[in-house]
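Worksheet for the structure shown next.
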Amino acid sequence: MYDIIIVGGGPAGLTASIYALRARKTVLLVEKMVIGGQVTQTDNIENYPGFESISGPELSMKMYEQAEKLGLKTVYSDVKSMQLEGDIKKVETFDGEFEAKAVILAMGAVARNLDIDSEREFRGKGVSYCATCDGNFYKNKVVAVVGGGNSSVGEALYLSNIASKVYLIHRREEFRAEKVIMQKVNEIAQTTGKIEIITNSVVKDIEGNGKVESIILTNLAEKTENEIAVDGVFVAIGRKPDTGLLEGVIELDASGYIITDEEMKTNVKGVFAAGDVRKKGLKQIVTACSDGAIAATEAIEMLNKR
Ligand code: NAP
């Protein structure tokens, strides 16, 4: 039996583990994929205080090593089911069942799909959701990045160092990405033309023979269609929480995000949520860490009162 099980090894979960371990609680971290979560897909982070510039994998590893030195135990497995009500919580994974007195849910969010049939057909055959993972396959090739947020713009910048040409396709005129990174993209677009920004457009279809060869774009303003030859499509249109297992137990909003109070408490006693899985405004590494610290502190306080 652990004091706390943390589900999800991104910045929220890792920060929670550091706080809990420093309070001498026993902690099990359950991570289904890679330590760091979606942060590992970010090539360059410039807004995490203390690091002028650091890669996502490096920052994640630093957090993990810090937790590991404090005695963090980790299970790399997906969660099958959770029994969260009552004093003893049970987390069943594909590698065994674990018990704890408190649970911190910090499983982040998964990539959103374009939701077109050809996207599913070409997944892994030219359709990707992670430029830092798959970008190297596109050396001197032509790629499209879809989306208008920080992720898509960051991916376009990253890919512009690898691919011969990057089309950045956004459905509106205005981008929601931070001004500082939009400025970098605009500079490249204007000076080298390596990035070409296409606005007011959506991907209607992806075409090819066994692998991606082109995309069909619909221009929403002009109501026209055109085909662009590309070797790869990077979809970066945001994320959605992976909270299907919690339905009916933990209170979720209409989009599936966990509802908490300011102390990261969910509607179930002893269950806390932190990071991007939680309904909140600003979703950044620094706010995920903040959530993790609060969730762990509240969990520690609850355990100490028992
Ligand atoms: P996001 O900010 O939610 O942006 C998603 C983008 O995809 C939006 O521009 C949206 O268009 C577009 N979109 C959504 N559904 C679409 C669809 N079906 N078809 C076409 N376009 C669609 O998501 P994100 O860029 O993944 O960022 C998520 C969070 O992580 C944000 O808070 C972001 O600031 C943060 N982040 C930070 C950094 C960093 O600071 N280094 C890096 C990456 C991410 P509309 O604009 O029209 O809604």
Side-chain angles (χ1 to χ4, degrees), residues 7-13 31-45 55-57 59-60 76 78-79 105-138 143-159 162-163 166-172 175-177 181 201-206 211-212 215 230-246 252-258 273 275-280 282-285 287-288:
V7 185
E31 168 55 54
K32 73 170 173 185
M33 300 245 284
V34 283
I35 288 295
Q38 58 179 301
V39 173
T40 55
Q41 299 182 8
T42 302
D43 166 51
N44 188 24
I45 296 157
S55 79
L59 182 60
S60 309
Y76 291 94
D78 206 351
V79 174
L105 302 166
M107 54 276 229
V110 293
R112 213 176 268 286
N113 300 325
L114 289 171
D115 229 8
I116 50 177
D117 288 343
S118 48
E119 177 189 20
R120 284 180 278 277
E121 182 187 339
F122 291 111
R123 192 169 291 177
K125 295 172 191 153
V127 171
S128 168
Y129 299 83
C130 173
T132 46
C133 318
D134 301 329
N136 272 330
F137 297 124
Y138 297 92
V143 296
V145 178
V146 188
N150 276 329
S151 299
S152 61
V153 176
E155 299 220 327
L157 274 178
Y158 176 76
L159 289 164
I162 301 169
V166 180
Y167 292 100
L168 176 58
I169 297 155
H170 181 35
R171 64 181 177 185
R172 286 186 302 125
F175 281 78
R176 63 172 71 223
I181 103 164
S201 297
V202 291
V203 178
K204 185 186 169 221
D205 216 349
I206 302 169
K211 63 179 176 59
V212 170
I215 49 174
V230 295
D231 301 293
V233 182
F234 288 84
V235 180
I237 59 169
R239 303 192 162 256
K240 56 178 191 277
D242 191 6
T243 49
L245 282 179
L246 304 174
L252 308 173
D253 75 357
S255 309
Y257 289 94
I258 299 173
D276 283 11
V277 76
R278 190 173 83 81
K279 177 180 162 55
K280 63 174 186 172
L282 186 64
K283 290 187 172 131
Q284 295 278 297
I285 301 169
T287 59

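What's counted below: heavy atoms across the whole structure, side chains too, no hydrogens, waters or symmetry copies.
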- Message: Has Thr40 got a side-chain atom pairing as donor or acceptor with Gly36's backbone, closer than 3.5 angstrom?
- Response: no

- Task: Report yes or no: do Asp43 and Thr132 form a side-chain donor-acceptor pair below 3.5 Å?
- Result: no

- Val212 and Phe122: which non-hydrogen atoms are nearest, and at how many Å? CG2-CB, 3.7 Å

- Task: Dump the intermediate steps for side-chain contact (heavy atoms from CB on, under 4.5 Å) on Ile169 and Val145, then the final yes or no.
- Result: CA-CA 6 Å; Ile169 297 155; Val145 178; over 6 Å; no

- Message: Side chains of Asn113 and Ile237, heavy atoms from C-beta outward: is any pair under 4.5 Å?
- Response: no

- Item | Nearest atoms (heavy-atom pairs only) where Ala106 meets Gly13 | CB-N, 3.8 Å

- Message: Does any part of the side chain of Met107, heavy atoms only, come nearer than 4.5 Å to the side chain of Leu246, both counted from C-beta?
- Response: yes

- Query: Between the main-chain N or O of Asn44 and the side-chain N or O of Ser55, is there a donor-acceptor pair closer than 3.5 Å?
  - Reply: no

- Trace of the side-chain contact (heavy atoms from CB on, under 4.5 Å) decision for Asp231 with Phe137: CA-CA 10 Å; Asp231 301 293; Phe137 297 124; over 6 Å; no

- Message: With a sphere of 6.0 Å drawn around NZ of Lys279, does it hold more than 12 non-hydrogen atoms of other residues, nucleotides or ligands?
- Response: no

- Query: Do Asp115 and Arg120 meet the salt-bridge criterion of a basic N to acidic O distance under 4.0 Å?
  - Reply: yes

- Partner of Pro11 by side chain to side chain contact (heavy atoms under 4.5 Å, CB included), out of Ile285, Leu59, Asp276: Ile285

- Closest non-hydrogen atom pair between Pro57 and Thr42, with its separation: CD-O, 3.8 Å

- Query: For the residue pair Thr243 and Gly256, what are the closest heavy atoms and their distance?
  - Reply: OG1-O, 2.5 Å

- Query: Any side-chain heavy-atom pair from Val79 and Leu245 closer than 4.5 angstrom?
  - Reply: yes

- Message: So that I can tick it off, tell me whether Asp242 and Lys32 are bridged by a salt bridge, with the cut-off set at under 4.0 angstrom between side-chain N and carboxylate O.
- Response: yes

- Between Gly149 and Ser152, the two heavy atoms sitting closest are O-OG, 3.0 Å

- Item | Nearest-0.5 Å distance, CG of residue Leu157 to CD1 of residue Ile181 | 5.5 Å

- Message: Run the side-chain contact (heavy atoms from CB on, under 4.5 Å) test against Ala131 and tell me which residues pass, sequence neighbours left out.
- Response: Glu155, Tyr158, Leu159, Phe234

- Distance from Lys204 atom NZ to Ser118 atom OG, nearest 0.5 Å? 10.0 Å

- Item | For the student: nearest non-hydrogen atoms of Gln41 and Cys130, plus distance | CG-SG, 3.4 Å

- Test side chain to side chain contact (heavy atoms under 4.5 Å, CB included) applied to Val230 and Ile215, Val166, Ile206, Val143, the passing residue: Ile215

- Task: Evaluate the criterion side-chain contact (heavy atoms from CB on, under 4.5 Å) for residue pair Arg278 and Tyr257; output intermediate values, then yes/no.
- Result: CA-CA 5 Å; Arg278 190 173 83 81; Tyr257 289 94; over 6 Å; no

- Item | From OG (Ser60) to CD (Gln38), nearest 0.5 Å | 10.5 Å

- Query: Going by atom types alone, do Arg112 and Tyr129 pair a side-chain donor with an acceptor below 3.5 Å?
  - Reply: no

- Message: Strictly distance-based, threshold 3.5 Å: is any side-chain N or O of Glu119 a donor or acceptor partner for the main-chain N or O of Leu114?
- Response: yes

- Message: Main chain of Val34, side chain of Glu31: is a donor-acceptor contact present, judged purely on distance under 3.5 Å?
- Response: yes

- Task: With sequence neighbours left out, write down each residue that passes salt bridge (Lys or Arg N to Asp or Glu O under 4.0 Å) with Lys240, or none if nothing qualifies.
- Result: none

